[in-house]
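Take a look at the structure below.
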Amino acid sequence: MMEPRHFRTLFISDVHLGSKAAKADFLLDFLRYHEADTIVLVGDIIDGWRLKRSWYWPQVCNDVVQKVLRKARKGTRVVYIPGNHDEFLRDFPGMHFGGIEVVERMIHDGADGKKYLILHGDGFDVVVRNARLLAYLGDWAYDTAIRINILLAAVRRRLGMPYWSFSAWAKLQVKHAVNFIGEFERVVAEEARKSGADGVICGHIHHAVIQDMDGIRYINTGDWVESCTAVAEHEDGTFELITWRALASAVPALAAIEMHDEGELAPQAA
């Protein structure tokens, strides 16, 4: 049995609880093996858009919420920065729910003295900001991609072929075509510079990475739909990108869960 790891800070985003594509069971096990003084939920934890269309809330979603609340009761500071899918929480800035603090954005003081601007990032997505209808249509399109993904995964398994995500491929093709990811990273990093921060930590585009951009450290936490990633800050201020598959391979019981669910992996519209 792997011993739990303890960090100074954990950053998690884009879980999309309420969506059938959400890997809530993966996140639940991740939280069992990872502790932190502070957990920052960087938006789109709950998928309000999908819940408005059709209610889907299995017990594992409750389990994830209860796990986070239990950590808060035991002394972990939990901060929730709403995204576009859970924007209803933006009406409650400064409020506390069960020990969870809601803020629009925040400055994180790293252990090494550096400052990081933390926000979800949807405010810098031109589609979400200026064309909400297109954003909703894109969300519907990824629902369709998820269904295609499940079908293709089943066929590939029967043919003895490795898992391949159609939805992840489609999403990257579209966003690379318009240079979306690179432009998003650039403008978010620039926002950090304007805020006097040394770096930025965000989510939204489901593209996990830690990189330096013209003197600004850009960190994206990824998601818990396709990549299943989180970012951890160590006690010395260094950051680590943790991938679920790396963890699952080290714990046989968790690896078995991943293999069982692998055919349902699919990314979510940002």
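In this chain, residues are counted from 1 in sequence order.
Applying the side chain to side chain donor-acceptor pair (under 3.5 Å) criterion to R70, with sequence neighbours excluded, gives no partner residue. For R193, the side-chain contact (heavy atoms from CB on, under 4.5 Å) partners are E190, D214, I216, not counting sequence neighbours.
The two residues G222 and T229 have their closest heavy-atom pair at CA-OG1, 3.3 Å. Residue M213 comes nearest to A189 through the heavy atom pair SD-CB, 4.4 Å, listed as atom of the first residue, atom of the second, then distance. Considering every non-hydrogen atom in both A230 and I12, the closest pair reads CB-CG1, 4.0 Å. Contact between L28 and V60 at its shortest, heavy atoms only, is CD2-CG2, 4.4 Å. Heavy-atom minimum distance, I118 versus V42: CG2-CG1, 4.0 Å. Nearest heavy atoms, V225 versus K23: O-CG, 4.0 Å.
L117 and I201 sit in two unconnected hydrophobic clusters of ILVMFWY residues. Membership requires side-chain heavy atoms under 4.5 Å apart, directly or through other members. Linking ILVMFWY residues whenever their side-chain heavy atoms come closer than 4.5 Å, directly or via other members, leaves V231 and V209 in distinct clusters. Both V40 and L241 belong to a single network of hydrophobic side chains, linked directly or stepwise wherever heavy atoms of I, L, V, M, F, W or Y lie under 4.5 Å apart. Cluster annotation: L89 and V103 are assigned to distinct hydrophobic clusters (Ile/Leu/Val/Met/Phe/Trp/Tyr, side-chain heavy-atom contacts under 4.5 Å, transitive). L31 and L17 fall within a single hydrophobic cluster, where Ile, Leu, Val, Met, Phe, Trp and Tyr side chains are chained together by heavy-atom contacts under 4.5 Å.
Here the side chain of D212 pairs no donor or acceptor atom with the backbone of G215 at under 3.5 angstrom.
Once rounded to the nearest 0.5 Å, the distance linking CZ of F30 with CZ of R5 reads 8.5 Å. Rounding to the nearest 0.5 Å gives a distance of 8.0 Å between CD of E233 and CD of E235. Here the NE2 atom belonging to H108 is positioned 7.5 Å from the OG1 atom belonging to T38, to the nearest 0.5 angstrom. We find the CG-NE2 distance between D14 and H16 to be 4.5 Å, quoted to the nearest 0.5 Å. Remark: D29 CG to C228 SG distance equals 11.5 Å, nearest 0.5 Å. Taking CG of D112 as the reference point, atom OG1 of T238 lies at 8.5 Å (rounded to 0.5 Å).
A donor and an acceptor atom, one from each side chain of N220 and H207, are nowhere located under 3.5 Å apart. If you check the side chains of Q59 and D63, you find a donor sitting under 3.5 Å from an acceptor. A donor-acceptor contact closer than 3.5 angstrom links the side chains of W57 and N62. Of the N and O atoms on the side chains of D122 and H204, not one donor lies less than 3.5 Å from an acceptor on the other residue.
A salt bridge does not link E191 to R186: none of the charged nitrogens lies less than 4.0 Å from a carboxylate oxygen. Looking at D37 and R8, no side-chain N of the basic residue comes within less than 4.0 Å of a carboxylate O on the acidic one, giving no salt bridge.
A centroid separation of 6.0 Å or more is found between the aromatic rings of F92 and Y80. For H234 and F7, the ring centers sit closer than 6.0 Å to each other.
Using a 4.5 Å heavy-atom threshold, the side chains of H34 and H6 count as separate. Inter-residue side-chain proximity for P82 and E87 is flagged as unmet; no heavy-atom pair is nearer than 4.5 Å. Under the 4.5 Å side-chain criterion, counting only non-hydrogen atoms from C-beta, L69 is in contact with I100. The shortest side-chain heavy-atom distance between H85 and I46 does not fall under the 4.5 Å cut-off.
Clustering of Ile, Leu, Val, Met, Phe, Trp and Tyr side chains at separations under 4.5 Å leaves Y56 isolated, with no partner residue.
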Between K74 and E35, is the salt bridge (Lys or Arg N to Asp or Glu O under 4.0 Å) condition met? List the steps. CA-CA 11 Å; K74 290 183 176 180; E35 302 286 346; over 6 Å; no

With salt bridge (Lys or Arg N to Asp or Glu O under 4.0 Å) as the test, would you mind laying out the steps for K115 and D198 before giving the verdict? CA-CA 5 Å; K115 294 184 179 297; D198 301 290; over 6 Å; no

Please assess Y116 against F239 for the test ring pair (Phe, Tyr, Trp, His ring centres under 6.0 Å), listing each intermediate value before the final yes or no. CA-CA 12 Å; Y116 293 85; F239 287 86; 5.0 Å; yes

Run F184 and C202 through side-chain contact (heavy atoms from CB on, under 4.5 Å) and show every step you take. CA-CA 11 Å; F184 177 86; C202 62; 4.0 Å; yes

Derivation and outcome, side-chain contact (heavy atoms from CB on, under 4.5 Å), residues L41 and V78: CA-CA 7 Å; L41 304 173; V78 182; 4.0 Å; yes

Derivation of the side-chain contact (heavy atoms from CB on, under 4.5 Å) call for I39 and R77: CA-CA 6 Å; I39 296 176; R77 183 191 179 198; over 6 Å; no

Please lay out, stage by stage, how V102 and I81 fare under the test side-chain contact (heavy atoms from CB on, under 4.5 Å). CA-CA 6 Å; V102 179; I81 298 175; over 6 Å; no

